[in-house]
Amino acid sequence: MQKAAAKDKKRTAPQPTGSRTTEATPQPAGSRAAGAARVGAGGTARGASRTAPAAASAPVSEEARSPAPPEAEIAVSPAVDADDRDRLLHGTHHAPHSVLGAHPLPGGVAFRAFRPYARAVTVVSGGMTVDLHDDGDGFFSGLLPLRDVPAYRLRVAYEGTELETEDAYRFLPTLGELDLHLIGEGRHEELWTVLGAHPMTHQGVAGTRFSVWAPNAQGVRVAGSFNFWDGTGFPMRSLGSTGVWELFVPGIGEGELYKFEITRPDGSKTLRADPMARRTEVPPATSSIVTSSRYEWGDAQWLERRAEVPAHRAPLSVYEVHLPSWRPGLTYRQLADQLPAYVKDLGFTHVELMPVAEHPFGGSWGYQVTGFYAPTARLGTPDDFRYLVDALHRAGIGVIMDWVPAHFPRDEWALAEFDGRPLYEHSDPLRAAHPDWGTLEFDFGRREVRNFLVANALYWCEEFHIDGLRVDAVASMLYLDYSREPGEWTPNEHGGRENLDAVAFLQEMNATVYRRVPGVVTIAEESTAWDGVTRATHHRGPSGFGGLGFGLKWNMGWMHDSLAYMSHEPVHRRYHHGEMTFSMVYAYSENYVLPISHDEVVHGKGSLVSKMPGDWWRRRADLRAYLGFMWAHPGKQLLFMGQEFAQGAEWSEAHGPDWWLLDPHYGAEADHRGVRDLVRDLNTVYRASPELWQYDTEPAGFRWVTGDAADDNVLAFLRYDADGSPLLAVSHFAPVVRHDYRVGVPDDVPAWHEALNTDAARYGGSDVTNPDPVKPEPQGWHGLPASIRLTLPPLSTVWLRPA
């Protein structure tokens with residue numbers, strides 16, 4: 001609980017600041033604290049010299065300790081004046097360093113300290129110790145007849161203890177002019193290195209720099225475990241017009257908890273977690289934690305290789321994971337012992353992690369973020385998360401992370417009205433409130449907010465070696481009228497419904513990430529027909545907009561249409577055949593991912609296998625045939641955990657996948673293992689077949705053989721690699737065997753053999769196969785010069801390659 005500032009000089013609460021201070025070279029004699037000195041009107045310094053040696057401080061030069069010249073000896077008071085005193089007590093002072101610390105005055109050097117709860121404060125300089133006068137309310141002052149500011153420390157006495165520490169108010173600012181200029185311009189691409197809490201050595205002294213952007217605040221103070229959550233004696237200074245507040249606290253290091261106490265424009269106070277915190281407490285606790293990384297990466301070879309081939313021309317099959325529930329109870333490091341081996345065994349090229357940034361409510365699955373720069377503490381430390389990413393890379397697996405820049409929750413300790421006014425959110429209530437999720441939308445038009453988010457994207461890629469960012473809820477960002485009724489939104493400057501600020505932000509984010517981090521891919525979850533999601537930002541389209549600059553886009557249309565088709569009984573599928581072919585009408589309008597994600601297996605939608613009609617055998621057969629069709633279709637693949645072994649129940653974040661289905665003692669274990677074996681083989685053949693991924697985004701990589709065999713429930717097409725080598729995929733979504741089914745093929749392939757058959761017995765199928773090479777006949781069919789006759793298994797997909 002935060003304590004109010006006490007006014008009785010006989011305070012008893014101990015003030016432990018400085019208890020961890022280590023010896024360091026003091027500030028050289030003659031250096032001066034930043035800011036002009038303020039001289040009070042009343043009070044006198046008590047400069048009685050004592051003989052106790054000051055071994056903790058280096059000797060002061062004779063020149064610095066020599067008395068001031070006679071002409072400068074003017075009677076002035078060193079005490080803090082009434083106005084400064086009031087502002088410091090009430091947390092509204094913009095420049096505490098100009099008042100506190102040591103400052104040259106006529107007649108000597110004034111020392112002022114603000115130490116609530118202290119019984120006495122003594123200046124220690126070389127062999128000299130001087131008691132400061134107790135001015136009440138925690139203020140202490142004294143005027144020493146010195147020529148220049150010496151190197152000094154403070155000895156602070158509390159009831160029952162005495163501590164010697166550096167004076168936080170003798171230090172120059174830790175942020176340079178270039179950093180402040182870039183922050184002010186909204187162009188600091190390494191924002192996480194300058195804002196937040198950073199252990200460092202400053203002017204030869206170890207401590208932590210605290211800095212925060214709060215332009216509307218009347219004052220900001222640091223409160224934490226190192227001062228019993230009373231920030232009264234820790235006011236921060238405002239650095240010019242940037243809205244940044246800063247304080248270097250000596251003797252404070254890693255592991256300390258902290259928050260910022262902000263005095264709002266109306267004078268009220270709020271205690272806020274650090275928006276730039278790189279580590280947090282485990283929810284539901286909300287404090288930020290001072291941290292730094294000591295992790296030594298072992299994935300240099302992975303990082304060098306990942307930029308060799310663009311993602312859209314490389315094999316990319318993704319296993320989507322909710323880390324807290326994949327194996328409930330495992331930490332990041334424990335997951336690193338299991339997840340890479342599992343994913344590698346199944347042959348996926350990447351994992352996609354549902355949001356790992358800190359979030360207060362586990363039921364949000366991470367999509368309502370409060371700590372944008374902190375991996376969730378539920379599973380370990382930031383370095384523990386680095387260990388997991390490193391382990392995946394060393395196993396040859398890329399890491400994509402869900403990233404949520406669209407909105408944030410309203411928790412009063414987090415970003416909402418952070419400094420008393422709308423800051424990260426839009427100032428217009430119609431633009432700020434997200435209509436669907438009860439959250440707040442970011443103000444993408446404010447340069448500092450764009451900087452916060454663009455730097456955040458870079459942070460995950462550079463600090464955690466993330467290989468891809470899947471950007472959540474892009475559609476809700478792009479449209480001003482998203483989920484809003486007429487009268488609930490305001491058109492843009494051109495009278496349209498496009499959110500021009502969000503467009504500019506996404507373009508800046510993508511351009512910056514691709515410029516700075518080679519080999520990273522950005523992926524948009526965008527559910528509309530927005531033109532140019534994966535077009536380069538400098539290429540304008542028919543709409544007049546430049547492209548958004550993403551590398552890939554989720555194909556939500558394919559997902560909805562294909563699942564709708566599969567949900568019908570086979571006898572009715574002939575009437576819905578177009579739902580399986582329509583995706584090829586627009587397949588090359590963007591670079592697509594085919595997503596069977598967590599969203600499709602929750603909230604009453606049922607698991608993937610349960611979407612299929614019929615009995616248990618038919619459902620599994622349909623699922624296998626669908627997966628074979630999906631892996632052969634142009635686009636990259638994404639499959640959510642649990643669906644790889646035909647889990648029957650919906651996913652629940654409380655208990656995760658039903659791993660017991662794979663227990664050898666379970667009677668139907670073979671059924672589930674068969675589907676998982678198919679997924680493994682799909683990935684194996686896929687990765688070895690450039691026909692299935694090299695030309696994913698080019699029409700030359702695809703040709704329909706038959707897309708209109710609705711009465712037969714058959715779809716057949718050819719995929720080609722860059723050399724023109726073909727792969728034939730035939731999907732049959734009827735529960736019958738079709739013998740001697742004629743399929744058109746090119747005439748330059750002497751024979752075809754089955755590369756994969758989803759009806760194979762080892763997958764749980766009926767084992768209707770084409771075991772021998774199939775030779776073409778010179779009879780043209782389906783517009784092709786030759787044809788082959790196949791046996792089509794029931795509810796199956798068959799891949800054939802040149803023998």
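Considering only heavy atoms from C-beta on, Gln203 comes within 4.5 Å of Arg170 through its side chain. Between Lys269 and Thr263 the shortest side-chain heavy-atom distance falls below 4.5 Å. Between Trp213 and Leu423 the shortest side-chain heavy-atom distance falls below 4.5 Å. Inter-residue side-chain proximity for Asp419 and Pro215 is flagged as met; some heavy-atom pair is nearer than 4.5 Å. Contact of the Val454 side chain with the Phe505 side chain is registered, since non-hydrogen atoms from C-beta on lie closer than 4.5 Å. For the pair Phe260/Val222, a side-chain contact is recorded, criterion being any heavy-atom separation below 4.5 Å from C-beta on. Side chains of Phe442 and Leu415 form a contact here, defined as non-hydrogen atoms less than 4.5 Å apart. Side chains of Arg115 and Leu154 form a contact here, defined as non-hydrogen atoms less than 4.5 Å apart.
How far CZ of Arg187 is from CD of Glu448: 11.5 Å, rounded to the nearest 0.5 Å. Between atom CZ of residue Phe385 and atom CZ of residue Arg279 there is a gap of 15.0 Å, rounded to the nearest 0.5 Å. Distance check, rounded to the nearest 0.5 Å: OG1 of Thr193 to CG of Asp179 gives 6.5 Å. Distance check: Ile252 CD1 to Thr165 OG1 gives 8.0 Å after rounding to the nearest 0.5 Å. Annotation: the span from Arg278 atom CZ to Ser288 atom OG amounts to 10.5 Å, rounded to 0.5 Å. How far NE2 of His97 is from CE of Met236: 9.0 Å, rounded to the nearest 0.5 Å.
Between His94 and Trp245, the angle of the ring planes lies from 30° to 60°, which puts this pair in the tilted group. Classification of the His202-Phe171 ring pair by plane angle, with boundaries at 30° and 60°, yields tilted.
Considering only residues two or more places apart in sequence or on other chains, Arg272 meets the salt bridge (Lys or Arg N to Asp or Glu O under 4.0 Å) condition with none of them. Residues that satisfy the ring-ring contact (aromatic ring centres under 6.0 Å, His included) test with Phe418, not counting sequence neighbours, are absent from this structure. Remark: Arg264 engages no residue in a salt bridge (Lys or Arg N to Asp or Glu O under 4.0 Å) (not counting sequence neighbours). Under the salt bridge (Lys or Arg N to Asp or Glu O under 4.0 Å) criterion, Arg378 pairs with Glu358, sequence neighbours left out. For Glu189, the salt bridge (Lys or Arg N to Asp or Glu O under 4.0 Å) criterion is met by Arg515, Arg516, not counting sequence neighbours.
Put simply, the side chain of Asp137 never gets that close to the backbone of Phe139: no donor and acceptor are under 3.5 Å apart. Between the side chain of Arg221 and the main chain of Gly233, no donor-acceptor pair closer than 3.5 Å is present. Between the Asp167 side chain and the Val123 main chain, no donor and acceptor come within less than 3.5 Å of each other. Glu281 places a side-chain N or O within donor-acceptor distance of the main-chain N or O of Ser287, the cut-off being under 3.5 Å. Looking only at distances, a side-chain donor or acceptor of His359 sits under 3.5 Å from a matching main-chain atom of Ala357. Between the side chain of Arg450 and the main chain of Phe444, a donor-acceptor pair closer than 3.5 Å is present. Judged by distance alone, the side chain of Arg155 and the main-chain N or O of Thr122 form no donor-acceptor pair under 3.5 Å. Distance alone, capped at 3.5 Å, places no donor-acceptor pair between the His90 side chain and the Thr92 backbone. Side-chain atoms of Asp411 never come within 3.5 Å of backbone atoms of Trp413 as a donor-acceptor pair (strictly under, hydrogens ignored). At least one donor-acceptor pair closer than 3.5 Å links the side chain of Glu246 to the backbone N or O of Thr174.
Each ring pair (Phe, Tyr, Trp, His ring centres under 6.0 Å) pair with one or both residues in residues 269-295, not counting sequence neighbours, appears once here: Tyr295-Trp297.
Between Phe234 and Phe226, the ring center distance clears the sub-6.0 Å criterion. If you look at Phe408 and Phe372, their ring centroids are not closer than 6.0 Å.
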Next on the checklist: Apply side chain to side chain contact (heavy atoms under 4.5 Å, CB included) to residues Leu440 and Glu417 and explain how you reach the verdict.
Outcome noted: CA-CA 10 Å; Leu440 295 169; Glu417 293 193 353; over 6 Å; no

Next on the checklist: Let's go through Asp501 and Arg431 carefully: what are the C-alpha distance in whole Å and the side-chain angles of both, what is the deciding distance for salt bridge (Lys or Arg N to Asp or Glu O under 4.0 Å) to 0.1 Å, and is it a yes or a no?
Outcome noted: CA-CA 11 Å; Asp501 293 335; Arg431 294 278 296 272; 3.5 Å; yes

Checklist entry - Step by step, would you call Leu453 with Met509 a side chain to side chain contact (heavy atoms under 4.5 Å, CB included)? => result CA-CA 8 Å; Leu453 292 171; Met509 182 276 297; over 6 Å; no

Checklist entry - Stepwise, does the side chain to side chain contact (heavy atoms under 4.5 Å, CB included) test hold for Lys259 with Thr286? => result CA-CA 9 Å; Lys259 285 187 178 182; Thr286 59; 2.7 Å; yes

Next on the checklist: Leu89 vs Phe114, test: side chain to side chain contact (heavy atoms under 4.5 Å, CB included). Steps then yes/no.
Outcome noted: CA-CA 9 Å; Leu89 284 169; Phe114 183 30; 3.8 Å; yes

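Shortest non-hydrogen contact noted between His465 and Val389 is O-CG1, 4.0 Å. For the pair Gly186 and Asn451, the tightest heavy-atom approach, listed with the atom from each and the gap, is C-OD1, 3.2 Å. Taking all atoms of both residues into account, the shortest heavy-atom contact from Pro199 to Glu254 is CG-CG, 3.9 Å. Counting all heavy atoms, side chain and backbone alike, Ser211 lies closest to Val244 at CB-CG1, 4.4 Å. When all heavy atoms of Ala102 and Tyr152 are compared, the closest pair comes out as N-OH, 3.6 Å. Glu256 approaches Gly253 most closely through the heavy-atom pair CG-O, 3.3 Å.
A cation-pi contact, defined as under 6.0 Å to the ring centre and within 45° of the axis, links Arg386 to Phe464.
In the model, Asp383 has no side-chain atom that pairs as donor or acceptor with a side-chain atom of Thr381 under 3.5 Å. With hydrogens and angles left out, the side-chain atoms of Thr270 and Glu412 include no donor and acceptor closer than 3.5 Å.
Salt bridge present: Arg119 and Glu159 bring a charged side-chain N and a carboxylate O closer than 4.0 Å.
Under the ring-ring contact (aromatic ring centres under 6.0 Å, His included) test applied with Tyr459, the options Tyr373, Trp403, Phe452 reduce to a single match, Tyr373.
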